[in-house]
Amino acid sequence: MSAQRTNGVIVAIDGPSGAGKSSITKLLAKRLGYLHIDTGAMFRAVALMAQRGGIACDDDARLTELCRGIDIEFEREGEAYRVLVNGGDVSREIRTEEVGLLTSCISARKPVRDALLQMQRKMGVKGGVILEGRDIGTVVFPDAEVKFFLTASAEERGRRRYLELVARGEKVTLEETIEKVVCRDRQDESREHAPLKRAEDAVPVDSTAMTIDEVLSFMEKTVKERVAA
Ligand SMILES: Nc1ncnc2c1ncn2[C@@H]1O[C@H](COP(=O)(O)OP(=O)(O)OP(=O)(O)O)[C@@H](O)[C@H]1O
Ligand SMILES: Nc1ccn([C@@H]2O[C@H](COP(=O)(O)O)[C@@H](O)[C@H]2O)c(=O)n1
């Protein structure tokens with residue numbers, strides 16, 4: 001472990017939409033006493049601010065300016081986990097399907113990736129963190145001590161997202177939800193900058209037929225074994 005890691009190791013959890021990254025990361029961070037960094041929420045926050053500012057998702061000049069002045073923070077109070085942008089709570093607004101779709105476009109822009117890369121590295125460099133996203137183990141922290149690539153079948157991820165949206169009162173069908181999951185996968189995997197892919201040294205975890213607890217126990221055991229080694 002490098003001398004910079006004064007707070008513990010860095011754990012990276014990458015994977016496609018609906019794989020369970022946020023759910024698992026939140027629980028694993030609690031068990032390990034680590035900080036949970038939801039990098040997807042950071043991209044969503046930029047997308048929301050671009051939407052509010054009338055900035056087109058391919059306007060790199062204005063996106064560069066937006067990212068230069070943006071302050072993204074995570075606030076934890078017990079079970080509550082808030083995302084703040086320039087001091088304002090945007091936890092709910094960043095989770096809409098509309099912002100999710102805009103985020104897939106925004107996150108493909110190099111100025112946005114470069115800006116958030118610096119922020120994410122600053123947040124995690126001392127260790128004692130679990131970062132979830134698409135490129136943590138490949139770009140943000142290629143030297144992370146523990147990397148997982150969490151996935152599940154598109155049908156299962158769509159089903160999970162469908163249940164989540166219906167529980168929130170959204171009128172969606174399972175078929176269209178699966179389609180949207182596959183569409184976001186394709187956008188994240190095919191983009192030029194920091195595409196979604198498994199790092200060669202990432203432990204693959206297919207949660208299609210696993211419960212959250214089974215995934216969590218496997219990951220906790222793996223991290224503890226790596227730290228003890
Ligand atoms: N192994 C699992 N079995 C059943 N349901 C699961 C499992 N893992 C996660 N879920 C459920 O699937 C839904 C999506 O999970 P989550 O939001 O953690 O995925 P994600 O990978 O962070 O997605 P995104 O990248 O789109 O934010 C949640 O309702 C969560 O409770
Ligand atoms: N490290 C990351 C994390 C996310 N993205 C993009 O943001 C979108 C939303 O992420 P969620 O995890 O909140 O669903 C995602 O679809 C990616 O386009 C990214 O590029 N890099």
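- Within 6.0 Å of the CZ atom in R168, the count of heavy atoms belonging to other residues, nucleotides or ligands exceeds 12.
- Using a cutoff of 4.0 Å between basic side-chain nitrogens and carboxylate oxygens, E77 and R82 are scored as salt-bridged.
- Here the shortest heavy-atom pairing between S17 and R161 reads OG-NH1, 3.5 Å.
- R198 contributes a side-chain N or O that, together with a main-chain N or O of A202, makes up a donor-acceptor pair within less than 3.5 Å.
- Within the 4.5 Å cutoff, the side chain of P16 has no heavy atoms near those of the R184 side chain.
- Follow the hydrophobic side-chain contacts under 4.5 Å out from V99 and you never reach L101; the two are in separate clusters.
- Taking both residues in full, the closest heavy atoms of Q120 and F43 are given as NE2-CE1, 3.7 Å, listed atom of the first, atom of the second, then distance.
- Ion pairing between D14 and R134 fails under the 4.0 Å rule for side-chain N and carboxylate O.
- Closest heavy-atom contact between S207 and V215: CB-CG2, 3.7 Å.
- Counting only heavy atoms from C-beta outward, the side chains of C67 and V46 approach each other to under 4.5 Å.
- Under the disulfide bond (SG atoms under 2.5 Å apart) criterion, the residue pairs touching residues 26-62 are C57-C105, with sequence neighbours excluded.
- The main-chain N or O of P142 is found under 3.5 Å from a side-chain atom of K147 such that the two form a donor-acceptor pair.
- Using a distance-only test at 3.5 Å, with no hydrogens or angles considered, no donor-acceptor pair links the side chain of K126 to the main chain of Q4.
- Contact of the L150 side chain with the M219 side chain is registered, since non-hydrogen atoms from C-beta on lie closer than 4.5 Å.
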Item to check | Criterion side chain to side chain contact (heavy atoms under 4.5 Å, CB included) on T96 and E170, from CA distance to verdict | outcome: CA-CA 10 Å; T96 65; E170 301 200 21; over 6 Å; no

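- Listed by first and then second residue, the salt bridge (Lys or Arg N to Asp or Glu O under 4.0 Å) pairs that reach into residues 202-217 come to none, sequence neighbours excluded.
- The side chain to side chain donor-acceptor pair (under 3.5 Å) pairs that include a residue from residues 33-46 are H36-E132, D38-R95, where partners are two or more places apart or lie in different chains.
- I13 places none of its side-chain heavy atoms less than 4.5 Å from the side chain of L131.
- Linking ILVMFWY residues whenever their side-chain heavy atoms come closer than 4.5 Å, directly or via other members, places M49 and I72 in the same cluster.
- With a 4.5 Å cut-off between side-chain heavy atoms of Ile, Leu, Val, Met, Phe, Trp and Tyr, the cluster of I178 takes in Y162, L163, L165, V166, V172, L174, V182.
- Legend: residues meeting salt bridge (Lys or Arg N to Asp or Glu O under 4.0 Å) with E179, ordered by chain and number and at least two apart, are absent.
- A distance of 5.5 Å separates CE in M42 from CE in M119, rounded to the nearest 0.5 Å.
- Under the 4.5 Å side-chain heavy-atom criterion for Ile, Leu, Val, Met, Phe, Trp and Tyr, I37 and I24 are members of distinct hydrophobic clusters.
- Taking 4.0 Å as the cut-off between side-chain N and carboxylate O, D143 and R5 count as a salt-bridged pair.
- Residues L63 and I70 fall within the same hydrophobic cluster, defined by Ile, Leu, Val, Met, Phe, Trp and Tyr side chains chained together at heavy-atom separations under 4.5 Å.
- Contact check on E156 versus R160 returns a salt bridge, with a Lys/Arg side-chain nitrogen under 4.0 Å from an Asp/Glu carboxylate oxygen.
- Between R186 and S190, the shortest heavy-atom distance links the atoms O-OG, 2.6 Å.
- Comment: E220 engages K224 in a salt bridge, judged by a side-chain N to carboxylate O separation of less than 4.0 angstrom.
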Item to check | Intermediate values then yes/no, side chain to side chain contact (heavy atoms under 4.5 Å, CB included), L216 and R31 | outcome: CA-CA 9 Å; L216 183 58; R31 285 199 182 180; 3.5 Å; yes

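- Side-chain atoms of L35 and I130, non-hydrogen and from C-beta on, never get closer than 4.5 Å to each other.
- Residues I94 and V83 are in side-chain contact: their nearest non-hydrogen atoms beyond the backbone lie under 4.5 Å apart.
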Item to check | Working for salt bridge (Lys or Arg N to Asp or Glu O under 4.0 Å), residues R113 and D135 | outcome: CA-CA 10 Å; R113 300 214 70 88; D135 63 335; 3.0 Å; yes

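- Minimum interatomic distance between H193 and A108 (heavy atoms only, all atoms of both residues): CD2-O, 3.4 Å.
- Side-chain heavy atoms closer than 4.5 Å link hydrophobic residues (I, L, V, M, F, W, Y) into clusters, and following such links, even through other members, never connects V181 to L196.
- Ring geometry for F74 against Y81 counts as parallel: the plane angle stays under 30°, on a 0 to 90° scale with 60° as the upper cut.
- Checked for salt-bridge contact, R68 and E65 miss the test: no charged N lies under 4.0 Å from a carboxylate O.
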Checklist entry - For R52 and V90, what are the C-alpha separation, side-chain angles and deciding distance, and is it a side chain to side chain contact (heavy atoms under 4.5 Å, CB included)? => result CA-CA 12 Å; R52 287 181 179 176; V90 295; 4.1 Å; yes

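- Summarising the local packing, CD of E98 is surrounded by 12 or fewer heavy atoms from other residues, nucleotides or ligands at distances under 6.0 Å.
- Across all their heavy atoms, G69 and N86 have their closest contact at O-OD1, 3.7 Å.
- Sorted by first and then second residue, the disulfide bond (SG atoms under 2.5 Å apart) pairs with a member in residues 177-229 form an empty list; sequence neighbours excluded.
- Using a 4.5 Å cut-off on side-chain heavy atoms (C-beta onward), T173 and T177 make no contact.
- We find that K221 and E225 are joined by a salt bridge, their nearest charged nitrogen and carboxylate oxygen being less than 4.0 Å apart.
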